[in-house]
Amino acid sequence: RKEVEQDPGPFNVPEGATVAFNCTYSNSASQSFFWYRQDCRKEPKLLMSVYSSGNEDGRFTAQLNRASQYISLLIRDSKLSDSATYLCVVHNYGQNFVFGPGTRLSVLP
Amino acid sequence: EADIYQTPRYLVIGTGKKITLECSQTMGHDKMYWYQQDPGMELHLIHYSYGVNSTEKGDLSSESTVSRIRTEHFPLTLESARPSHTSQYLCASSLTGTNEKLFFGSGTQLSVL
């Protein structure tokens with residue numbers, strides 16, 4: 001079993017739709033959680049950190065459930081420019097970052 | 001924007017050549033990493049360094065080697081390139097701390113003919 005797992009995707013949604021991505025992690029000692037965005041043939045870029053209380057950045061909302069070892073990302077009012085692969089990343093202090101396999105999103109006109 | 005730079009951006013080279021992929025960061029980060037990624041596939045950690053003169057192999061076995069003589073510089077070398085080495089190589093860095101985040105360079109797309 002992989003240490004970080006994500007919805008397999010791809011997600012094909014129309015513009016304006018709301019889409020949610022799920023991620024689970026197996027290491028209960030994990031301390032930091034992130035969502036990265038990766039465009040085709042580009043480097044991953046930090047989209048947002050995920051905090052225990054949940055956090056929002058514009059159309060993006062991230063939530064963390066430590067008891068269930070579950071992380072989510074909600075995108076409201078999808079734009080064409082949101083099309084990318086979304087990577088769930090988990091980190092434990094003193095260890096390396098662990099990446100999920102990614103979930104590909106295509107927002108269609 | 002992250003201040004981490006990779007050169008070259010693209011490299012096409014023949015089999016058997018020795019190559020060095022450059023990676024430098026100006027953020028004073030103590031940790032640096034090399035990842036390998038094929039199109040549409042997952043990222044794989046191949047090397048990492050927690051500081052000067054410290055290098056470790058990652059989760060994916062690689063024939064490449066790395067060095068960390070200076071904090072800001074983390075080059076990756078392939079002594080004899082083969083077509084199986086064709087891939088994207090991504091360098092990243094982070095600063096140890098409670099708010100540690102990972103930043104990536106733009107990557108080097110390597111094609112070995």
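The structure displayed is predicted, hence computed values, not measured ones. Chain naming here is simple, since letters A, B, ... match the order of the sequence lines and numbering starts at 1 in each.
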Q. If we only count heavy atoms from C-beta on, is the B/Phe104 to A/Leu46 side-chain gap below 4.5 Å?
A. no
Q. Where do A/Phe34 and B/Glu100 come nearest, in terms of heavy atoms and distance?
A. CZ-O, 3.2 Å
Q. Which atom names give the shortest non-hydrogen contact between B/Ser106 and A/Glu43, and what distance separates them?
A. CA-OE1, 3.7 Å
Q. Side chain, backbone, both or neither: which part of B/Gln88 has an atom under 4.5 Å from a heavy atom of chain A?
A. side chain
Q. If you look at every heavy atom in A/Pro44 and B/Leu90, which pair is closest and at what distance?
A. CD-CD1, 4.1 Å
Q. Non-hydrogen atoms of chain A under 4.5 Å away: do they reach the side chain of B/Leu43, the backbone, both or neither?
A. side chain
Q: Answer with side chain, backbone, both or neither: which region of B/Gln109 has an atom nearer than 4.5 Å to a non-hydrogen atom of chain A?
A: side chain
Q) For the candidates A/Arg41, A/Gln31, A/Lys42, which exhibits the highest count of non-hydrogen atom pairs separated by less than 4.5 Å from chain B? A) A/Arg41
Q. Tell me, do B/Leu102 and A/Val89 make a side-chain contact under 4.5 Å, heavy atoms counted?
A. no
Q.
Which one wins on heavy-atom pair count under 4.5 Å against chain B: A/Phe97, A/Tyr36, A/Phe99?
A. A/Phe97
Q | Heavy-atom contact with chain A under 4.5 Å, split by part of B/Ser94 | A | side chain
(Q) Quick check on the interface: out of A/Gly102, A/Cys40, A/Gly94, who has the most heavy-atom pairs with chain B under 4.5 Å? (A) A/Gly94
Q.
Counting only non-hydrogen atoms closer than 4.5 Å, does A/Thr85 touch chain B with its backbone (N, CA, C, O), its side chain (CB onward), both, or neither?
A. neither
Q. Which heavy atom in B/Thr96 sits nearest to a heavy atom in A/Tyr93, and how many Å separate them?
A. CG2-OH, 3.7 Å
Q.
Would you say CD of A/Gln63 has more than 12 non-hydrogen atoms from neighbouring residues, nucleotides or ligands within 6.0 angstrom?
A. no
Q. B/Gln37 and A/Gln38: side-chain donor and acceptor closer than 3.5 Å?
A. yes
